[in-house]
Protein chains: 2
Amino acid sequence: MSSYELPLRLFLAFRVLIDELHAELARQGHPDIRPMHGFVLQAIGAHGTTAVELGRTLGVSKQAAGKTIETLERLGYVERGVDPRDSRRKIVRISSKGYDALAKSARIFDRLRQGWAERLGEERLQALESDLRKVTPQDVWRLDVPGWFGA
Amino acid sequence: MSSYELPLRLFLAFRVLIDELHAELARQGHPDIRPMHGFVLQAIGAHGTTAVELGRTLGVSKQAAGKTIETLERLGYVERGVDPRDSRRKIVRISSKGYDALAKSARIFDRLRQGWAERLGEERLQALESDLRKVTPQDVWRLDVPGWFGA
DNA sequence: ATTTATAGTCAACCAGGTTGTCTATCGTGT
DNA sequence: ACACGATAGACAACCTGGTTGACTATAAAT
């Protein structure tokens, strides 16, 4: 096929996962969560963060990060509190609803991955994951912080 | 390995290709082309199309398609003419500048794919492409792209 | 001939990004 | 001790690319 196939298929593969995730999340009580909110919650992390910090992590301006936080707060996925040691900072923390969404997302992603493993074979899927790691930047934003999914 | 890694890596792999494409396109005389414009040109095709048709192909509203066409026309990548058999329709055709961008994009994608082939091995890359085809829809052009191309 | 469907445009709105400006607070160097 | 530079957050104006709804012109069907 065309030179466009590889990038397009990568994008479509991503979209397939994200679309199924959100259809399923909607069924499981999170109809208003938007694609990427899960990734933002991941980026916020278990210890909380601030707008400036989140902006740096995600590679956007602090104002953009602030708007996203505002949206997530309005939807109830994060809560904001003050930093007792620095009254300029407002700590953003994942709420219990946020943890619920994260836990459900993780389970759904695992199930979707299982579906792929059945279609491609676990071996081939592991090869695919390994190859993707080789062509993408390492150390994206620490995805393996322990204790993220418990609530 | 978190449940989020697979979708994230797919997205990052896509972004790596798109970012390098546009850096290179800018060097080759197309500094103002935006991520996705190439895909839209592909969707327009050699026979031309209309705003309504393009919207259907891309899975967006006719108004959104119209805005994108307007942008591409302003940048000189497409031209609009009337349909002699239906005076309501305005046919959108790829301009010579548009074809130049498409040809260069194809060459750049091919070169990027070659780089991956050298890093992963041609065999593994073909396996990856084959696996991606198995988990993505056949209808490659319905990719409600909005928002996903970032940058 | 009248009705219905279609193509395109305009307007209002939204999300999420940008830059610039401003205030409050912190931390440091003299 | 304190003045000053750096930082966190908020606000405003603006951009892009989506959305829906309303409207006009034209084509097609009954």
Side-chain angles (χ1 to χ4, degrees), chain A residues 11 15 18-19 22 31-41 43-44 47-93, chain B residues 11 15 18-19 22 31-41 43-44 47-75 77-93 141-151:
Chain A
F11 178 68
R15 279 298 306 269
I18 292 299
D19 288 351
H22 283 85
D32 47 11
I33 204 166
R34 308 248 309 108
M36 295 265 93
H37 281 171
F39 291 106
V40 174
L41 290 179
I44 290 170
H47 303 97
T49 185
T50 66
V52 166
E53 227 175 84
L54 182 61
R56 273 199 255 278
T57 306
L58 298 177
V60 300
S61 67
K62 60 181 181 176
Q63 293 91 334
K67 284 191 195 179
T68 301
I69 289 168
E70 207 173 337
T71 304
L72 285 172
E73 192 183 25
R74 184 170 37 79
L75 295 175
Y77 289 103
V78 303
E79 289 157 354
R80 267 191 284 196
V82 294
D83 184 338
R85 291 177 305 186
D86 184 341
S87 55
R88 293 170 307 175
R89 306 176 78 225
K90 295 194 177 170
I91 310 290
V92 181
R93 281 195 198 76
Chain B
F11 179 66
R15 281 295 305 271
I18 291 299
D19 289 351
H22 282 84
D32 46 11
I33 206 167
R34 307 252 309 113
M36 140 183 76
H37 282 171
F39 291 105
V40 174
L41 289 180
I44 290 172
H47 304 97
T49 186
T50 66
V52 167
E53 227 175 82
L54 182 61
R56 273 200 255 277
T57 305
L58 298 177
V60 299
S61 66
K62 59 182 183 176
Q63 295 93 330
K67 282 192 197 180
T68 302
I69 289 167
E70 208 173 339
T71 304
L72 285 172
E73 191 183 26
R74 184 169 38 76
L75 296 175
Y77 289 102
V78 302
E79 290 156 354
R80 266 191 284 195
V82 294
D83 183 339
R85 291 177 305 189
D86 184 339
S87 57
R88 291 171 306 177
R89 307 175 77 224
K90 296 194 179 171
I91 310 291
V92 181
R93 283 194 196 75
W141 288 118
R142 263 204 85 91
L143 35 52
D144 327 282
V145 182
W148 284 114
F149 279 86

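So you know, we letter chains A, B, ... as the sequences are listed, proteins then strands, and number each from 1.
- Every residue two or more places apart in sequence or in another chain that forms a side chain to side chain donor-acceptor pair (under 3.5 Å) with A:Arg88 is listed here: A:Asp86.
- Contact annotation: B:Arg80 reaches the phosphate of C:dT9 (side-chain N/O to OP1 or OP2, under 4.0 Å).
- Considering only residues two or more places apart in sequence or on other chains, B:Arg80 meets the side chain to side chain donor-acceptor pair (under 3.5 Å) condition with B:Glu73.
- For B:Ser87, no side-chain nitrogen or oxygen approaches OP1 or OP2 of C:dA7 to under 4.0 Å.
- In this structure, A:Arg89 places its CZ atom 18 Å from C1' of C:dT23, rounding to the nearest Å.
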Could you go over nucleotides 18-21 of chain C and give all protein N or O partners under 3.5 Å, atom names and distances?
residue	atom	partner	partner atom	Å
C:dT18	OP2	A:Ser61	N	2.9
C:dT18	OP2	A:Ser61	OG	2.6
C:dG20	O6	A:Gln63	NE2	2.4

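- Summarising the geometry, the separation between CZ on A:Phe39 and C1' on C:dG16 is reported as 17 Å, rounded to the nearest angstrom.
- Put simply, CG on A:Asp32 is 15 Å from C1' on C:dA15, counting in whole angstrom units.
- Looking at A:Val78, A:Val92, A:Ile33 one by one, the single match for side-chain contact (heavy atoms from CB on, under 4.5 Å) with A:Leu72 turns out to be A:Val78.
- Between C:dG16, D:dG17, D:dA10, one nucleotide has an atom nearer to the side chain of B:Met36 than all others, and that is D:dG17.
- Dashed line: the shortest gap from a side-chain N or O of B:Arg85 to OP1 or OP2 of C:dA7 is not under 4.0 Å.
- For A:Thr71, the side chain to side chain donor-acceptor pair (under 3.5 Å) test picks out no residue, with sequence neighbours left out.
- One atom, CD of B:Glu73, and another, C1' of C:dT9, lie 14 Å apart when rounded to the nearest Å.
- Checked against side chain to side chain contact (heavy atoms under 4.5 Å, CB included), A:Ala51 has the following partners two or more places apart in sequence or in another chain: A:Ile69.
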Pairs under 3.5 angstrom, nitrogen or oxygen only, protein versus nucleotides 1-6 of chain C, please.
residue	atom	partner	partner atom	Å
C:dT6	O2	B:Arg88	NH1	2.7

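- The side chain of A:Arg34 lies closest to C:dG16 when the candidates are D:dG18, C:dG16, D:dG9.
- Applying the side chain to side chain donor-acceptor pair (under 3.5 Å) criterion to A:Glu70, with sequence neighbours excluded, gives no partner residue.
- Contacts classified as salt bridge (charged side-chain N to carboxylate O under 4.0 Å, His left out) and involving residues 47-67 of chain A (residues at least two apart or in different chains) are given here: A:Glu53-A:Arg89.
- Rounded to the nearest 0.5 Å, atoms CG (B:Leu54) and CD1 (B:Ile44) are 5.5 Å apart.
- Nucleotide D:dG9 holds its P atom 9 Å from the CG atom of A:Asp83, rounded to whole Å.
- B:Ile69 places its CD1 atom 17 Å from the P atom of D:dT16, with the value rounded to the nearest Å.
- The side chain to side chain contact (heavy atoms under 4.5 Å, CB included) check on B:Ser87 picks up nothing, with sequence neighbours excluded.
- Remark: C1' of C:dT9 and NZ of B:Lys90 are 8 Å apart, rounded to the nearest angstrom.
- For the OP1/OP2 pair of D:dG18 and a distance below 4.0 Å, the side-chain nitrogens and oxygens of B:Thr68 include at least one atom meeting the criterion.
- Rounded to whole Å, the distance from CD on B:Glu70 to P on C:dA7 is 19 Å.
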